[in-house]
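Throughout, a chain's letter reflects where its sequence line sits, starting with A, and its residues are numbered from 1. Just so it is clear, the values below take in all heavy atoms, side chains as well, and ignore hydrogens, waters and symmetry mates.
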Amino acid sequence: MSERASVAVVGSGPGGAVAACVLAEAGRDVILVEEGPGLGQQSCRPFSIEEMTQKYRHGGVTAALGPCPVAYVEGCAVGGGSEVNSALYHRAPAARLEEWARRFAVEGLGEKDLAPHFEALEAELSVLRDSTEVHPAGRKLAAGAASLGLECRQAPRMARPGPGPLHRLAMSDTYIPRALKAGCRLLDQTRVERLQRRGRGWVLKARTLGPLFEIEADQVFLACGAIQTPALLRRSGLAPRAGATLAIHPMAKLVAQFPEEVNGPDLGVAAQQVKPPHGRWSFGCSISSPQNLALNLLDYPEPLSRLARDWRRMASFYVMVPGSGRGEVGLLPGCPDPLVRYALSPEELRGLDDGLQELARLLQAAGAERVFAAPAAGPDARLTTLHLMASCPMGEHGGLCAADSFGRVRGSEGLRLADASLFCGPLGVNPQGTVMALSRRNALAFLKGGPEE
Amino acid sequence: MNWSSRIVGALVESVCAGLAAGQPPLAAPFDDVARFVDEAVGRMPSPQGLGVRLLAIAFDLSAFPSCGELFHRLDPEARAARLSAWRQSRLAVCRQFVRLHESLAVFRLYARLEPGE
Ligand SMILES: Cc1cc2nc3c(=O)[nH]c(=O)nc-3n(C[C@H](O)[C@H](O)[C@H](O)COP(=O)(O)OP(=O)(O)OC[C@H]3O[C@@H](n4cnc5c(N)ncnc54)[C@H](O)[C@@H]3O)c2cc1C
């Protein structure tokens, strides 16, 4: 078996889905290759055990190793992380874009340059700015913030407009069907193992539950996410610095117990977020299903033993810091999976610790009877992250950047990046809006440059 | 059942029994939990998954000098004592090994409270 296309997009998360859609709708012959299965949102309940096994890479049991290990998760399904996330949406903060443009010499990355891309996405995705969602845990966060004089905002969400229960929008609802309608072919459950240069184009050595086969393409857009993109580049002997600068937003969690019910089946995650002006941390609501509460209560045997009775009065909250530590995606000889390492900076550790104390105060001010926080520092810290980025930063600063300002991989003509790996550092807000905007910008720049680009 | 599944099964039983949550739907048997934990470890990325399997063997063998038996063949009380020794070990890797299995076990066990379970 072999396949051929003018453009191959590898990975169908927010970055890959948008690139495939833009290119297919412009009339290009596109093939979208995705390691995970095409299941859609209806295949299981959100945040359930089935979702972990169906749609998360390695069943969601992955950790960045280091003095304080950080558990992380990656989506692995048609639609990537968008199939399992909360669909919260933010534009990239202008100050962050400016800083990246300055330090990494990125061209065309000002707020004004990205605005048309954000605007187009927001119109296409019906990003809800003023949703009427009412989530009891979100109300608690808002009430606590008000008593401490902090501002609490409801983050916009990509969701289907109209009455009825919230239906978050994933790539399998939006850009992937559009790409397919425009003629893009989708190969799901197909993992690209290696990339090889052949003539003026590329050969992707891929596997669909069987022997390796070849996909030939003139142009390749890699969108495997911030861990798998550098891993694939390194397996292929390309971009030796790929993976050296992984950034994350580390999070610590706590569980608050209230006198009244704040939780229930299938409530989802509240969109309320608190970002104090000092910028050292932000707070938000976390998945609060019984099993997730149990995880966050592991250090507290007494409330854990009463969870069956009390879980509807409990909710999980997070403190997140912007990320100033050092991460790396490496490969060990003979191992197909990357080895991820992350060393938290003293600033991050202090931020998590101080932030947890402030969050506990906030929730007590909102009426919490009891607050249970896991340790946020040391080898027994319970840290997690959902936001992985910046492993192959873009820009014209050759020493720092794996790709140029528009995602072209240095020294590899016809190979581009279109995912969160392109960020130049931690973004400070939920990243998928920015992943999509950058991908759209880079795909349009490619189309403008012509097929020989 | 292979050796490593037996170790995981014994570990999970010890963790779940120790949670003192033994009311239905959280009561024994814990076969579903053990199966989930074993499969989850099997799905881990290759460098870490291999490390965890090797540690499980070390954990099983480490009971032998003091108890004259492998961990998975011990009675529940002796198992709880071994588990507690590793949970409080000076070696971070031993504590993290127990932590990983505890996390996976409670995650699956408490998912029984979900509607439709
Ligand atoms: C639980 C969770 C909640 C989150 N909540 C939010 C939120 O509310 N808002 C927000 O903005 N962000 C959120 N995020 C983060 C967001 O989902 C990611 O930032 C985003 O998905 C990154 O997009 P991406 O295209 O870079 O990569 P991904 O979404 O990771 O997509 C990469 C895709 O490539 C595939 N792939 C990888 N390697 C290969 C290969 N070799 N061959 C073929 N295919 C491959 C993967 O299977 C995957 O489907 C959340 C993430 C998680 C996990």
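- A:Asn263 and A:Ser288 share no side-chain donor-acceptor pair at under 3.5 Å.
- The most heavy-atom pairs under 4.5 Å with chain B, out of A:Leu339, A:Leu297, A:Leu307, A:Leu293, come from A:Leu307.
- In this structure, the portion of A:Arg382 lying under 4.5 Å from any heavy atom of chain B is its side chain and not its backbone.
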| Steps toward salt bridge (Lys or Arg N to Asp or Glu O under 4.0 Å) verdict (B:Glu39, B:Arg108) | CA-CA 12 Å; B:Glu39 285 170 7; B:Arg108 179 63 192 91; over 6 Å; no
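- Annotation: maximal heavy-atom pairing with chain B below 4.5 Å, among A:Ala294, A:Gly59, A:Gly334, occurs at A:Ala294.
- Heavy-atom distances place no part of B:Leu50 under 4.5 Å from chain A, backbone and side chain included.
- Among A:Ala308, A:Pro338, A:Pro290, the residue making the largest number of heavy-atom pairs under 4.5 Å with chain B is A:Pro290.
- For chain B, the nearby part of A:Leu332 is the side chain; its heavy atoms alone come within less than 4.5 Å.
- Within the 4.5 angstrom heavy-atom criterion, no atom of A:Ala71 approaches chain B.
- Here A:Arg45 is the residue among A:Arg306, A:Met52, A:Arg45 with the most heavy-atom pairs under 4.5 Å with chain B.
- Heavy atoms of other residues, nucleotides or ligands lying less than 6.0 angstrom from CZ of B:Arg87 number more than 12.
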| task | Take B:Asp60 and B:Arg82 through the salt bridge (Lys or Arg N to Asp or Glu O under 4.0 Å) test and state the conclusion after the steps. | result | CA-CA 9 Å; B:Asp60 206 30; B:Arg82 293 298 312 155; over 6 Å; no
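- Note: B:Phe59 and B:Phe97 have tilted aromatic rings, judged against thresholds of 30 and 60 degrees for the angle between ring planes.
- Counting heavy-atom neighbours within 6.0 Å of B:Glu77 CD, excluding the residue itself, gives a total of 12 or less.
- Both the backbone and the side chain of B:Glu102 come within less than 4.5 Å of a heavy atom of chain A.
- Counted by atom type alone, A:Gln54 and A:Ser43 present one or more donor-acceptor pairs between their side chains at under 3.5 Å.
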